[in-house]
Each structure stands twice: as structure tokens, then as C-alpha cells.
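Keep in mind that the numbers below use all heavy atoms, side chains included, and drop hydrogens, waters and symmetry copies.
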Amino acid sequence: MFEFIRTHQRLMQFVLLLLILPSFAFFGIEGYMRMASTEGTIAKVGGVAISQEEFDGAQREQIQRLQQQLGSGIDPKVFETPEMKTQVLESLIRERALAYEIARSNLMVTDDKLRSTIAAIPSVQENGAFSSEKYATLLAAQGMTPPMFEARLRRDLSTQILTNVLQESTIVPKTVAKRITDIVMQQREVAEQTFKPADFAAQVKVTDELRKQYYDSHGQEFEIAQQLRIEYLVLNGDAAAKQVSVTPEAIAEYYAQNKKRYEAPEQRRASHILINAAKDASDADKKKARATAEEVLAKVKAAPNDFAKLAKQYSQDPGSAEKGGDLDYFSRGAMVPQFDEVVFKMRLNETSALVQSDFGFHIIRLSGIKAAAGKSLAEVKGEIEGEITKQLASRKFAELAEQFINAVYDQSDSLKPAADKLKLTIQTADGVTRAPVDAKAPWANAKLLAALFGDEALKNKRNTEAVEIAPGTLVSARVLENKPATRRPLDEVKDQVTARIVAVESAKLARTAGDARLAALRGGAAASDFGKPKLVTRGKGEGLAPEGLAMVFKAETASLPSYTGAELSAGGYAVYRISRVVQADAPDAAQTANITQNLARQAGEVEFAAYLDNIKKRAKVEVLKPVTDSKSAVLQQ
């Protein structure tokens, strides 16, 4: 019932992201200040070019995604690998090849599909129902129109259809599914005997000579890491915002230019009684539905004050019938055209004649009208000031960033000139190491730390270069004091050395004892000292360590009992006695269905990969310029 809607969930999430982040956050200062010319074509798919600029943009987006997943402290240069570049190009080629196939196959996405997709998005709903106000606000804020979203959505949904049809239609033979299910559901009865290092600790004799040998060969374990005391400057959006001011005249001008944005359109509240008649229903069914609707309309006209009661009794709209047919307030365009046209012509408390739409026959009663109203300048002054400040701060940041970069480089023996010039505060930090505990500290960035521990900063006492530690945030630092790494004396760490020797040697003894026990059992020794047998499956170890469970199901079971062993990651060794193999007579239906579904998905992915290769051949993919042997504009300094 939302005719003008033209988007879907992933696109709406992107819009919300745009609303939250400042514009420079998508590119970073390097994108503003250092991005090189990106002319040239890298590849062609179906005769359509993939430009260097498109490749750089895709690579930048991938790096930002990875930094979000792994932490902003990761230096973008670690992603500058041939494998990563190839992955980005392959992704672009795949996208273009699918678009080529969609166009060739004339795949279409209906308006109904577009409407149903948007209707399920929580971000544009209010009280569980679609809000045209929220939707319109989001679009207007980005200068987007419904047709622009429609084009993106159709392309995205068409791609989904193309990929899902093949992947979801893959059939796994029942014999294969049954065999895999049998393997997964198989149970083995297992008893465990463990050999714990602690049980052998008393056998370890630690001498002074042994301590000295361990200390000398594992000296790094007893080092106090190199530490720095530093000072640093941070330039970010907040610092830039402090240096801009918004005049009342600018606020008034912005309000005048964007007045429509602060206007609430006319809204109407209506109730309806719906008698279902689908668009593709037969003429006979539509005739029958109309007759029923006319009977109900006669009852409404006879008792107009009983509309809510009659709606509960006769309406076939499950969403509103229980509420007496009430649809709450909505703006023009939120309902299907036939409904919309009638409602916005009705008088208050008027009841309509029958209105036919694709859903059936409606009897409408108008119960409320909210006239169009706009917010005054005083009401939105704070909001406007914030928006203008954000825009000015973005521009100011780009201006200050260039000055910041130059100042910390040109006067590299001190941060004070840059701080004074840009009105920034010098901050300090002590105990800075190569592996900082506080990963969120401004200086805890891999690239910045590498510079701080480099010769220019340590030996020559220079400022580091301005490092972009996050989109829209620059930091430069200098070393005030260097405390080199030092090894603690043996006498000071004697107890630690002893404990580590005992741990290492007792683990070796446990492993030796376990190996000996396993060899004896395989040689026919009595199976004593095992724990209580338990039935385990590959997915349910009943307390067995993962490495032990893996060995249990690798063990040969042609002759039982069978024995196997595993060194445990938690320490020690375990020996397992497999006495019985149990195959489920009637596997759980839900598990069988889940396994079959996973197998089908995996097989579908393989088939789709082959299908995609054929699409690429039809589209005549040409790679004209290698991307693995040169620096892209994304990371050039």
C-alpha cells in the first residue's frame, strides 16, 4: 500500500550511514590531499570500462570495511598486497558481468516487490507501520529521489534473483544426503584416561644450571619492553569545529533555502472496511466480493456511528480490523492511488462509496485531518546551527589538515609551533610500547607507533609525520624520553624461571607417559583406569577436548576396542578407548533437513562459480592493466 516507495533495506542502511558520518569520513584526509590522478581503464566487461578511479574507490571501501572489523589502528598499507588488489578487481568484474547477464536475460523486478521490500524496514516504520514522513525525510536529507532509489534497487534485486535461482535450486541426491547425515549423526562410545602435567611436576628436578640455560635461551620472556614518554597533537573534526562560528544570518538563510524540509505535509486519519478481492481474482469472485461490500456499505449508511463495530465484524484486513478499521494518520502517497485519491477529497466524518483497489473493495470513513504545518525558525535553530557547523568544520578541517601536515614537518624539532598556529593542545603519554594495552589511545596506531620507534623519532628527536589514524583524524607525535628494553636479572625472576621449567618438563613427561600407555593398550594391555564411557558425536563432545574428539573420529573402528591419543592444547595428554560405534536408526528430521540444506548451498555455490565463469566468457572480460604491480592512488603518500 505504499505506491511511491522505491528502495530496499541495504540501500536504506547506506542512507542512514550517510546521515551519521561527516562527508570527509568516507575518504580520509589522504583522499582529499594526496589522491593522484586516476585516469585510464583497467578492464572491460561487455564493452563497458572499469576505470582506475572506480578501482581505487572499491579498494578504499574494502580497506575501510576491514579496518572497521579489525580496528582502526591497523595500518592501511598492510592491505596493499597483490592478493587484495586482485580480489577487489575480481569483485568489480563479477558485478559488471552479472549486470551484463541481467540485461541480456531481461530480468525484471516488479513494483510489488519494491513495495514489499521497503515495507519491512524498521528504520522507516513508526509503531510497526511504514511512515512516509520518515522515508521522505531520509531521502530529502540526501537529495535523493524515488526513481534514483528504484534504479539501484531493481539492479540489486535482479542480481539476487540471478544468483539465488541457481544456488537455491541445486538438488542434493538423497543417497548423498543420507550418507553425510549418517556420518554426522554417528555416535562413538568413548572412555578417556588423562595424563596431567601437574601429576608429574614432582618428578622435575630444577638445578641452577638448568635455570641458567632456560634464562639464557628465553631471555625475551623476562624483558621489560622498551617504553617511550611522548607528546602528541590531534587534529580532528571536533578541533576544526571549535574554530568555526555560525552567524544568525547564516542560520536564517539556511532556513529559507531549506524551508520545505521543515514542513510537515497534511495528514489524514481514516478507518476502512476491506472486502478482499485480489487483482488476479476471477470475475465471478470479484462480483461476489462487490456484492458483499455493498451489503456492508448499506449497514454502515444505516448506522454510521457503528463503523468501528462493523469493521471488526466484516473487515478482512487483519492489520486494522481489530482496531475498528483504524489506519491512524498518514500523508498523501502512503496508500495505493485509488484509496489515496478518495481520502484526500473527503470531508471530516464522511463515509465513502465503494473504492476498488488491487486489494479489494474499501469502505472508508475519514476521522481526522492535520493541516500542513511548518516548524518555525526558532524551533529548528539549534538543528540548523549544528548542520552548518558540521559543514563548515568539514571544510575547515581540510584547510587545517594541510597546515598541520606542513607545520609538523617544516618545524620538526617541536610540536609547539603547530599547536600555537592551529590552536591545538599538546598532550602527553607515558609507558608507550610497541604493543599498547589501550588500543583506543590516539597514538596506538600501527603506522604512528612504527614512526615513533623509528630512527627519526628516537635518535634525531624529530616529529613524526602527520598520520591519519582514522577518517578525519590526524596525529603527530615526538619522543620525549626513551627507556630501552631491559632484561630483569635472573635472581629477580628465579621463581618464574623455575615455574616455567617445571611446566615444560612436566608436560613432556605427561606426553611420554601417555604415548607409552597408548602403545601398551594397542599391544594388548588391560584397559584399566579409564573414566566412565560416554556417547559422543562430531558435534557434541560431551566434555572431550576438541583435539581429542577429532582424533576419536579419525580412529579406525574396523576392530573394537580401538585406541587413540591426543596432546591437549590445555596441557597434558589423553588416551581414548573406543568400544562401540552407534549409527542413529532414525536421524532427527530437523538435523537431516539442516544438513541437506547446507550441502545444497555448498553445491549451489560451486555451480554458481562455474556459471559465473560462463557469464564472464560471454561478456568477453578483458583485463587491460595489471593492478598487482603498482601502487594505487588510495595509499600513495
### Message
Between Q243 and A240 (side chain of the first, backbone of the second, donor and acceptor by atom type, cut-off under 3.5 Å), is there such a pair?
### Response
no

### Separation of Q186 CD from T557 OG1 (nearest 0.5 Å)
6.5 Å

### Message
Applying side-chain hydrogen bond (donor to acceptor under 3.5 Å, both in side chains) as the test, list every pair that has at least one member in residues 450-459; sequence neighbours left out.
### Response
E456-N460

### Query
So do the side chains of V234 and L474 get within less than 4.5 Å of each other, counting heavy atoms only?
no

### Message
Looking at every heavy atom in both A466 and V408, which two are closest together, and how far apart are they?
### Response
N-CG2, 4.1 Å

### Query
Heavy-atom count around E209 CD within 6.0 Å, excluding the residue itself: above 12?
no

### Query
Is a side-chain donor-acceptor pair under 3.5 Å present for N463 with Y409?
no

Could you tabulate the donor-acceptor pairs under 3.5 Å formed by side-chain atoms of residues 427-443, not counting sequence neighbours?
unit_1 : atom_1 : unit_2 : atom_2 : d
Q427   : OE1    : Y232   : OH     : 3.4
T433   : OG1    : A435   : N      : 3.4
T433   : OG1    : A435   : O      : 3.1
D438   : OD1    : K440   : N      : 3.1

### Message
Between I42 and S51, is the side chain to side chain contact (heavy atoms under 4.5 Å, CB included) condition met? List the steps.
### Response
CA-CA 6 Å; I42 290 178; S51 68; over 6 Å; no

#### Entry: Between Q52 and D56, a side-chain donor and acceptor under 3.5 Å
yes

### Query
Should N445 and V475 count as side-chain neighbours, where that means a heavy-atom distance under 4.5 Å?
no

### Task
Taking all non-hydrogen atoms of both residues into account, name the closest pair between A527 and L521 and its distance.
CA-CD2, 3.8 Å

### Task
Indicate yes or no: at least one non-hydrogen side-chain atom of T512 is less than 4.5 angstrom from one of Y573.
no

### Task
State, yes or no, whether a side-chain contact exists between Q226 and L458 at a heavy-atom distance under 4.5 Å.
yes

### Task
List in chain and number order the residues that pass side chain to side chain contact (heavy atoms under 4.5 Å, CB included) with L509, two or more places apart in sequence or in another chain; answer none if no residue qualifies.
F200, Q203, V204

### Task
State which residues pass side chain to side chain contact (heavy atoms under 4.5 Å, CB included) with P417; sequence neighbours excluded, sorted by chain then number.
Q411, S414

### Query
Restricting to pairs with a member in residues 527-543, which pass side-chain hydrogen bond (donor to acceptor under 3.5 Å, both in side chains), not counting sequence neighbours?
none

### Message
How close do L424 and L233 get, counting heavy atoms only, and between which atoms?
### Response
CB-CD2, 3.9 Å

### Message
Check whether E547 reaches the backbone of S569 with its side chain - one donor and one acceptor, N or O, closer than 3.5 Å.
### Response
yes

#### Entry: Inter- and intrachain pairs under salt bridge (Lys or Arg N to Asp or Glu O under 4.0 Å), touching residues 229-244, at least two apart
R229-E481, E231-R478

### Query
Which pair of non-hydrogen atoms, one from A485 and one from E223, has the smallest distance, and what is that distance?
CB-OE1, 4.3 Å

### Query
Listed by chain and number, what are the salt bridge (charged side-chain N to carboxylate O under 4.0 Å, His left out) partners of D208, not counting sequence neighbours?
R211

All N/O donor-acceptor pairs, side-chain side in residues 558-568, below 3.5 Å, sequence neighbours left out:
unit_1 : atom_1 : unit_2 : atom_2 : d
S562   : OG     : E556   : O      : 2.7
Y563   : OH     : R577   : NE     : 3.3
E567   : OE1    : R511   : NH1    : 2.7

### Message
Any salt bridge linking K390 with E387? Criterion: basic side-chain nitrogen under 4.0 Å from a carboxylate oxygen.
### Response
no

### Task
Looking only at non-hydrogen atoms, find the nearest pair between G572 and A510 and report the distance.
CA-CB, 4.4 Å

#### Entry: Min side-chain heavy-atom separation L89-V623 under 4.5 Å
yes

### Query
With a 4.5 Å heavy-atom cut-off, do L235 and T473 have their side chains touching?
no

### Query
Going by heavy atoms in the side chains, are Q193 and Y576 under 4.5 Å from each other?
no

### Query
Take atom NZ in K494; do more than 12 heavy atoms of anything else shown fall under 6.0 Å from it?
no

### Task
Output all residues satisfying side chain to side chain contact (heavy atoms under 4.5 Å, CB included) with A198, sequence neighbours left out; order by chain, then residue number.
none

### Query
Could you walk me through whether Y215 and E221 pass the side chain to side chain contact (heavy atoms under 4.5 Å, CB included) check?
CA-CA 8 Å; Y215 177 80; E221 296 180 16; over 6 Å; no

## Note on the structure
dist I405:CD1 -> E468:CD (nearest 0.5 Å) comes out at 9.0 Å

### Task
Output yes when a side-chain donor or acceptor of T86 lies under 3.5 Å from a complementary backbone atom of P82, and no otherwise.
yes

### Euclidean distance, N482 CG relative to L480 CG, rounded to 0.5 Å
11.0 Å

### Query
Side chains of F553 and V536: closer than 4.5 Å at any heavy-atom pair?
yes

### Distance (rounded to the nearest 0.5 Å) between T464 OG1 and L449 CG
10.0 Å

### Query
CG of L518 to CZ of F195: how many Å apart, nearest 0.5 Å?
9.0 Å

### Query
How would you list, by chain and number, every residue that makes a salt bridge (charged side-chain N to carboxylate O under 4.0 Å, His left out) with D216, sequence neighbours excluded?
K212

#### Entry: Between OG1 on residue T194 and CZ on residue R517, distance to nearest 0.5 Å
12.0 Å

### Query
Which residue pairs pass the salt bridge (Lys or Arg N to Asp or Glu O under 4.0 Å) test when at least one of the two sits in residues 186-205, sequence neighbours left out?
E189-R580

### Message
When you measure from the side chain of S412 to the backbone of R462, do you find a donor-acceptor pair of N or O atoms at a distance under 3.5 Å?
### Response
no

### Message
How close do F530 and A191 get, counting heavy atoms only, and between which atoms?
### Response
CD2-O, 3.5 Å

### Summary
With sequence neighbours left out, the residues meeting side chain to side chain contact (heavy atoms under 4.5 Å, CB included) with Q496 are F222, R488, V493, R500

